[in-house]
Number of protein chains: 2
Amino acid sequence: MKTANPNAYASSCPTRLVLDRVADKWAVLILGSLRDEPVRFNGLRRLIEGISQKMLSQTLKSLERDGLVSRKAIPTVPVTVEYSITPLGRTLSATVDSLRVWAETHIDKVLKAQRQYDAGAQRKAA
Amino acid sequence: MKTANPNAYASSCPTRLVLDRVADKWAVLILGSLRDEPVRFNGLRRLIEGISQKMLSQTLKSLERDGLVSRKAIPTVPVTVEYSITPLGRTLSATVDSLRVWAETHIDKVLKAQRQYDAGAQRKAA
DNA sequence: ACTAGTTAGTAGCAAATAGTTACCATGTTA
DNA sequence: TAACATGGTAACTATTTGCTACTAACTAGT
């Protein structure tokens with residue numbers, strides 16, 4: 001069964017929910033981290049500076065549920081858990097990673113625009 | 001002055017904030033709406049089903065501050081306000097739009113993965 | 001004149017989400 | 001014995017989001 005006309009602009013379309021999940025800071029950084037090789041929970045925590053254990057755990061769970069990431073517990077001691085990207089996740093990773101690249105590439109222009117905007121707002125407030 | 005090494009994986013890098021703003025459901029849909037032509041406030045409200053006036057106003061304000069969208073008030077009666085995409089915004093629009101397209105294209109696979117995941121969770125709970 | 005509708009928002013409150021911190025069990029290393 | 005590693009969960013707070021109602025100025029219809 002196929003969804004008839006997926007359209008993110010329609011509020012009732014499930015696409016809206018998926019867009020909300022993948023258009024997410026942490027999801028972008030996690031998918032980027034897993035792009036080349038599987039990484040363990042605490043490995044991701046070290047790669048993605050400032051992510052809390054809660055958000056990492058929560059975001060990984062959503063990504064796993066959506067079929068974008070797979071979780072594999074390895075019975076070592078202590079147990080290690082390896083997260084890797086699925087084939088479906090791989091179809092998304094290039095797109096979300098280009099979002100990160102855009103941010104890194106255009107950060108200077110954005111910061112400049114913010115300064116100009118804030119200067120204008122100050123004039124109005126004065 | 002250029003930001004030395006923009007890196008979204010570093011928590012202190014301003015890139016992280018920018019990523020958080022552009023990796024946003026409403027920002028994606030707004031930038032997509034403005035891609036072809038300028039649109040007015042209520043026009044956007046009609047295009048993007050289910051967005052509240054508050055979120056639309058708030059997101060437009062951020063996008064304007066970041067230099068991605070420009071606002072032009074036209075002294076008609078009643079005043080109409082035209083929002084259009086800036087050249088900087090245009091460098092981003094293709095990327096965010098491909099995120100929307102990905103969601104619309106892969107929605108069936110994601111929904112299927114969710115059903116499988118939930119079925120597994122049910123087994124565990126039983 | 002009165003009513004309803006248009007324009008582009010803002011204000012106030014409730015609900016949902018994100019973030020912070022502490023803690024768990026199990027085991028290795030110093 | 002104490003500190004650190006593994007991968008989380010629980011409780012709490014702060015922030016964001018969403019909903020509803022409201023504004024002001026004007027037009028069109030009855």
Side-chain angles (χ1 to χ4, degrees), chain A residues 8-12 16-30 33-34 38-66 69-84 117 121 124-125, chain B residues 8 10-12 16-30 33-34 38-66 69-84 121 124-125:
Chain A
Y9 286 95
S11 58
S12 60
R16 180 70 69 82
L17 296 169
V18 173
L19 180 60
D20 200 22
R21 285 246 39 84
V22 301
D24 172 75
K25 179 177 54 175
W26 300 129
V28 167
L29 295 174
I30 289 174
S33 299
L34 298 179
V39 184
R40 284 176 295 149
F41 188 87
N42 281 325
L44 287 169
R45 208 146 79 86
R46 280 185 291 265
L47 282 174
I48 304 167
E49 231 182 78
I51 192 170
S52 67
Q53 286 168 300
K54 180 188 171 178
M55 288 313 297
L56 179 55
S57 167
Q58 212 169 86
T59 308
L60 282 169
K61 216 170 277 181
S62 309
L63 292 175
E64 194 196 350
R65 177 164 185 267
D66 291 345
V69 153
S70 75
R71 180 185 186 277
K72 189 168 127 197
I74 301 163
T76 52
V77 90
V79 150
T80 56
V81 179
E82 198 178 79
Y83 288 93
S84 50
Y117 182 93
K124 276 180 208 161
Chain B
S11 58
S12 60
R16 179 70 68 84
L17 296 170
V18 174
L19 181 60
D20 201 21
R21 285 246 38 84
V22 300
D24 172 74
K25 179 178 50 172
W26 300 129
V28 167
L29 295 175
I30 289 174
S33 299
L34 299 178
V39 184
R40 285 176 296 151
F41 188 86
N42 280 328
L44 287 169
R45 208 146 77 85
R46 280 186 290 265
L47 282 174
I48 304 167
E49 231 182 77
I51 192 169
S52 68
Q53 284 167 302
K54 181 183 172 180
M55 287 314 295
L56 178 55
S57 166
Q58 211 171 87
T59 308
L60 283 169
K61 215 170 277 179
S62 308
L63 291 174
E64 193 196 351
R65 178 166 184 265
D66 290 346
V69 154
S70 75
R71 179 187 187 276
K72 189 168 125 196
I74 301 162
T76 53
V77 91
V79 150
T80 54
V81 180
E82 197 178 80
Y83 288 94
S84 50
K124 276 181 206 160

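No hydrogens, no waters, no symmetry mates; every other heavy atom, side chains included, goes into these values. Just so we're on the same page: letters track the sequence lines, and every chain starts at 1.
A/Val81 and A/Arg71 get closest at one heavy-atom pair: CG1-CG, 3.6 Å. Here the closest non-hydrogen pair linking B/Val22 and B/Ala27 is O-CB, 4.3 Å. Between B/Met55 and B/Trp26, the shortest heavy-atom contact is CE-CD1, 3.8 Å.
A distance-only check finds no donor-acceptor pair linking the side chain of A/Arg21 to the backbone of A/Asp66 [under 3.5 Å]. In this structure, B/Arg40 contributes its side chain and B/Glu82 its backbone to no donor-acceptor pair below 3.5 Å. Formation of a donor-acceptor pair under 3.5 Å by the A/Glu49 side chain with backbone atoms of B/Ala10 is not found in this model.
Contact annotation for A/Arg45: no contact, since no heavy-atom pair falls under 4.0 Å across all strands.
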(message) Strictly under 4.0 angstrom, non-hydrogen atoms only: write out the protein contact profile of nucleotides 13-30 of chain C, one letter per nucleotide from the 5' end, B, S or -.
(response) -----BBB-B----S---

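Considering only side-chain N and O atoms, B/Arg46 lies nowhere under 4.0 angstrom from the phosphate OP1 or OP2 of C/dA8.
Across B/Asp24, B/Ile48, B/Leu44, a single residue satisfies side chain to side chain contact (heavy atoms under 4.5 Å, CB included) together with B/Thr59, and that is B/Asp24.
Proximity of A/Leu60 to A/Phe41: side-chain heavy atoms (C-beta onward) are separated by under 4.5 Å at one or more points.
Between chain B and DNA chain D, the heavy-atom contact criterion of under 4.0 Å yields a 5' to 3' nucleotide range of D/dT17 to D/dC26.
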